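All values reported here derive from a predicted model rather than from experimental measurement. In the text below, chain A, chain B and the rest are named by the order of the sequence lines, each starting its count at 1.
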2 protein chains.
Amino acid sequence: MNKNSAIIRKGRKYDQVLDGARDLFMAHGFESIGVDDIARRADVSKATLYSYFPDKRMLFMEVARLECQRQAETLEAAVDVEQPVEVVLGVVGRGLLEIVLSEFGWNMFRVCIAEGERFPELGQQFFETGPKILIDRMCAFLEIAEARGEVIVEDRALAADQFPELCKAGVFLRLVTGVQTEFSQDEIDRVVDGAVEMFMARYGVKAG
Amino acid sequence: MNKNSAIIRKGRKYDQVLDGARDLFMAHGFESIGVDDIARRADVSKATLYSYFPDKRMLFMEVARLECQRQAETLEAAVDVEQPVEVVLGVVGRGLLEIVLSEFGWNMFRVCIAEGERFPELGQQFFETGPKILIDRMCAFLEIAEARGEVIVEDRALAADQFPELCKAGVFLRLVTGVQTEFSQDEIDRVVDGAVEMFMARYGVKAG
DNA sequence: CTGAAAATGAACCGACCAGTTTATATTCAG
DNA sequence: CTGAATATAAACTGGTCGGTTCATTTTCAG
């Protein structure tokens with residue numbers, strides 16, 4: 001047996017636990033899932049679970065960290081900065097909405113907010129490993145686009161905050177309040193296209 | 001003693017309970033507050049409390065309903081639709097941010113999301129009595145403004161969703177994740193003014 | 001003053017759940 | 001084969017909290 005595996009991961013069933021936890025947490029949030037549920041789902045004893053993770057929170061944070069990372073990488077891979085601004089924004093917007101509307105995005109958000117005062121580290125970790133990355137990339141991209149003469153942005157940080165928010169217009173609030181839980185591709189296109197149009201109207205350099 | 005008061009309100013200490021509940025819920029959210037805490041704060045016995053409200057949820061929903069109503073009225077009173085669009089939007093934006101950043105707004109939101117799956121009615125009630133009202137008024141105002149020739153808005157519902165979202169750019173996410181909890185007037189002005197500028201760039205009718 | 005309605009408080013119930021312990025069983029390297 | 005490391009099941013602890021009950025006291029209209 002390869003010695004590295006024992007060093008890198010702390011035991012044979014480490015990933016099993018993580019996978020089970022991810023499934024349940026992402027589907028039902030944090031509080032409504034018991035440690036017993038996770039152990040059962042992961043086909044692992046509770047004692048084993050606690051031999052890997054000090055407590056439920058830490059387990060959740062690890063799940064969240066990994067999942068955020070995965071989502072960020074997926075979105076980033078879909079972007080080609082060589083494309084015109086409108087195209088890039090469209091891709092980013094649609095990708096963002098996909099995350100926001102996914103089981104993961106929704107539950108991640110829910111837990112961050114719900115548990116905000118009981119463990120604040122989570123919300124901050126989420127922001128740093130999720131939205132923050134998007135905003136940073138957005139800033140960098142706007143700089144490139146400005147160098148290409150496609151846009152003029154005085155306050156880049158503000159613009160980078162505005163676009164993602166614009167993409168969630170109408171969708172996010174209805175989602176989190178439970179007023180609407182399913183969104184058609186048409187609805188998504190309408191809001192993303194609307195966001196791109198608005199963004200370009202404000203920052204785009206006129207044709208020519 | 002006036003007979004109506006007995007009919008309208010169900011007992012002498014009804015308001016006492018409501019007030020105590022509001023204070024605690026708005027300051028600490030839903031789950032972290034116990035029914036015993038509320039009874040103690042309201043100077044009322046637990047049994048009395050339960051003689052007015054069937055359970056903790058219903059108590060919270062009533063508190064939420066009243067508070068939403070109050071906030072909506074305050075914001076509405078501050079608006080003068082006779083003013084130019086830019087001015088009205090500025091007032092609305094600043095008023096909205098004040099609500100969002102307040103103890104009430106923040107906790108209201110938190111609870112809606114946190115308890116979303118345990119009692120969905122709350123989120124929906126919140127949406128209907130809060131954001132929905134703003135959006136509706138916004139639509140109506142855009143129609144008026146368009147009649148005055150100040151703006152041209154093809155998709156009014158979308159625009160009415162976009163503006164409030166734009167006002168929260170950068171602020172909301174940092175707030176709920178706990179990354180930033182205090183916002184200076186300068187920061188608020190920057191984002192609201194940015195929102196108005198962007199909105200006018202997209203929908204405003206050029207000078208003249 | 002009086003009697004019904006309202007309020008009290010304190011004990012109590014039952015459910016839930018994170019985390020621990022223990023005695024037993026399985027795995028696997030050497 | 002052996003023994004140390006790891007895993008297991010299940011019982012147990014300790015605490016929280018929503019909601020109920022009831023015998024007693026307070027309030028207040030008529």
Visitor: Are the charged groups of A/Asp161 and B/Arg174 less than 4.0 angstrom apart, N to O?
Guide: yes
Visitor: With a cut-off of less than 4.0 Å, is there a side-chain N or O of A/Tyr52 near OP1 or OP2 of D/dA7?
Guide: yes
Visitor: Identify which nucleotide among C/dT27, D/dG19, C/dA7 has an atom closest to any side-chain atom of B/Asp55, counting heavy atoms from C-beta outward.
Guide: D/dG19
Visitor: Whole Å only: how far is the CD1 atom of B/Ile38 from the C1' atom of D/dC17?
Guide: 12 Å
Visitor: Among the candidates D/dA9, C/dA18, D/dC22, find the nucleotide nearest to the side-chain atoms of A/Ala47.
Guide: D/dA9
Visitor: In this structure, how many angstroms lie between the P atom of C/dA7 and the CG atom of B/Asp15, rounded?
Guide: 12 Å
Visitor: Quick one: A/Leu24 CG to C/dC17 P, roughly how many Å, whole number?
Guide: 13 Å
Visitor: When you measure from the side-chain N and O atoms of B/Lys13 to the phosphate of C/dT8, is any distance below 4.0 Å, counting only OP1 and OP2?
Guide: yes
Visitor: Between A/Ser51 and A/Lys46, which residue's closest nucleotide on DNA chain D lies nearer the 5′ terminus?
Guide: A/Ser51
Visitor: Would you verify whether the NZ or CZ of A/Lys13 falls within 45 degrees of the ring axis of A/Tyr52 while also being under 6.0 Å from that six-membered ring's centre?
Guide: no
Visitor: Within this structure, what is the CD-to-P distance between A/Glu31 and D/dC17, rounded to whole angstrom?
Guide: 13 Å
Visitor: Name the nucleic acid region contacted by B/Asp37, choosing base, sugar-phosphate or nothing; use a 4.0 angstrom heavy-atom cut-off, strictly under.
Guide: nothing
Visitor: Without decimals, in angstroms, what is the distance between B/Gln16 CD and D/dT27 P?
Guide: 12 Å
Visitor: Return the orientation label for the A/Phe25 and A/Phe30 ring planes: parallel under 30°, perpendicular over 60°, tilted otherwise.
Guide: parallel
Visitor: If you define the side chain from C-beta out and look only at heavy atoms, does anything of B/Met108 sit under 4.5 Å from B/Phe60?
Guide: yes
Visitor: Any ion pair linking A/Arg65 and A/Glu62 (charged N to carboxylate O, less than 4.0 Å)?
Guide: yes
Visitor: Can you find a side chain N or O atom of A/Arg40 that sits less than 4.0 Å from OP1 or OP2 on D/dA9?
Guide: no
Visitor: Under 4.0 Å between a side-chain N or O of A/Ser45 and OP1 or OP2 of D/dA9?
Guide: no
Visitor: Take atom CD1 of A/Ile33 and atom P of C/dC17, then tell me their distance rounded to the nearest Å.
Guide: 10 Å
Visitor: Calculate the interatomic distance between B/Tyr14 atom OH and C/dA5 atom C1'; express it in whole Å.
Guide: 19 Å
Visitor: Given atom CZ of B/Arg57 and atom P of D/dG19, what is their separation to the nearest angstrom?
Guide: 8 Å
